[in-house]
Amino acid sequence: QVQLVESGGGLVQAGGSLRLSCAASGRTFSNYAMGWFRQAPGKEREFVAAISWNGGSIFYADPVKGRFTISRDNAKNTQYLQMNSLKPEDTAVYYCATASRRWPTNERVEYDYWGQGTQVTVSS
């Protein structure tokens, strides 16, 4: 059974930083792309960042470029999202997901397993 468990969310002031982690189990983690999505109240879940199976290909949604960094450690079956210069509009539940392919994508339908989410709240 595949499980993804996020951690690291919390409350932070605007301009601050948080690091999210996602621990994966139940799959050969290193064979698949991983991603982060987020969902704010009343809004659709949106793509944040994705990373290829080997970490060699990465891309970000425009609102987070230059502020967020996605990474992974296949030896630990864990992916990370370093979030700097946080803004109130970054407030959302952040979800970790694993894709059914090796190369990163921003398409939700390409992700077949999801974590339960972790709340990130940025105060102004």
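Heavy-atom basis, side chains included; hydrogens, waters and symmetry copies ignored. As the structure is a prediction and not an experimental result, all values here were calculated from the model.
- A donor-acceptor pair under 3.5 Å links the side-chain atoms of Ser100 to the main chain of Glu110, judged by distance alone.
- Phe47 and Ile51 fall into different hydrophobic clusters, defined by Ile, Leu, Val, Met, Phe, Trp and Tyr side-chain heavy atoms under 4.5 Å apart, directly or through other members.
- Hydrophobic cluster membership is shared by Tyr113 and Val48, with clusters built from Ile, Leu, Val, Met, Phe, Trp and Tyr side chains linked at under 4.5 angstrom.
- Here the straight-line distance linking atom OG of Ser124 with atom NZ of Lys87 works out to 14.0 Å at 0.5 Å rounding.
- Checked by atom type and distance alone, the side chain of Tyr111 pairs as donor or acceptor with a backbone atom of Thr105 at under 3.5 Å.
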Carefully, step by step, assess Met34 and Leu4 under the rule side-chain contact (heavy atoms from CB on, under 4.5 Å). CA-CA 11 Å; Met34 300 286 293; Leu4 302 174; 4.3 Å; yes
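- In the hydrophobic clustering of this structure, Leu11 does not group with Phe68; members are Ile, Leu, Val, Met, Phe, Trp, Tyr whose side-chain heavy atoms approach within less than 4.5 Å, directly or through other members.
- Nearest heavy-atom pair, Thr78 versus Ser21, reported as atom, atom and distance to 0.1 Å: CG2-CB, 4.4 Å.
- In terms of heavy atoms, Ser17 sits closest to Asn84 at OG-OD1, 2.9 Å.
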Please determine whether salt bridge (Lys or Arg N to Asp or Glu O under 4.0 Å) holds for the pair Asp62 and Lys65, giving the CA-CA distance in whole Å, both sets of side-chain angles, and the decisive distance to 0.1 Å. CA-CA 5 Å; Asp62 285 345; Lys65 279 181 183 176; 3.0 Å; yes
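- Listed for the Gln79 side chain is a donor-acceptor partner under 3.5 Å among the backbone atoms of Gly35.
- Distance check, rounded to the nearest 0.5 Å: OG of Ser30 to CZ of Arg72 gives 7.5 Å.
- With hydrogens and angles ignored, the 3.5 Å screen pairs no side-chain donor or acceptor of Glu46 with any backbone N or O of Arg38.
- Of the possible polar contacts, none joining the Gln82 side chain to the Thr69 backbone as a donor-acceptor pair under 3.5 Å is found.
- The cationic group of Arg45 lies under 6.0 Å from the six-membered ring centre of Tyr95 and within 45° of the ring axis, placing it in a cation-pi geometry.
- With hydrophobic clusters built from ILVMFWY side chains whose heavy atoms lie under 4.5 angstrom apart, Phe59 does not share a cluster with Tyr94.
- Put simply, the side chain of Tyr60 gets close to the backbone of Ile70: a donor and an acceptor are under 3.5 Å apart.
- Between Asp112 and Tyr32 the shortest side-chain heavy-atom distance does not fall below 4.5 Å.
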Take Cys96 and Trp114 through the test side-chain contact (heavy atoms from CB on, under 4.5 Å) and record every step on the way to the result. CA-CA 6 Å; Cys96 165; Trp114 295 80; over 6 Å; no
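- Of all heavy-atom pairs between Gln119 and Thr121, the closest is NE2-OG1, 3.3 Å.
- Without hydrogens or angle criteria, Arg102 side chain to Trp53 main chain gives no donor-acceptor distance under 3.5 Å.
- With contacts defined as side-chain heavy-atom distances shorter than 4.5 Å, the pair Leu20/Glu6 does not qualify.
- Heavy atoms only, all atoms of each residue included: Arg67 and Ser85 are closest at NH1-O, 3.0 Å.
- Taking all atoms of both residues into account, the shortest heavy-atom contact from Ala99 to Arg27 is O-NH1, 3.3 Å.
- Taken from CG in Leu18 to CG in Asp90, the straight-line distance is 10.0 Å, to the nearest 0.5 Å.
- In this structure, Ile58 is a member of the same hydrophobic cluster as Phe29, with clusters built from ILVMFWY side-chain heavy atoms closer than 4.5 Å.
- No donor-acceptor distance shorter than 3.5 angstrom exists from the side chain of Arg108 to the backbone of Phe37, with no hydrogens or angles considered.
- Between Asn54 and Ser52, the shortest heavy-atom contact is OD1-OG, 2.8 Å.
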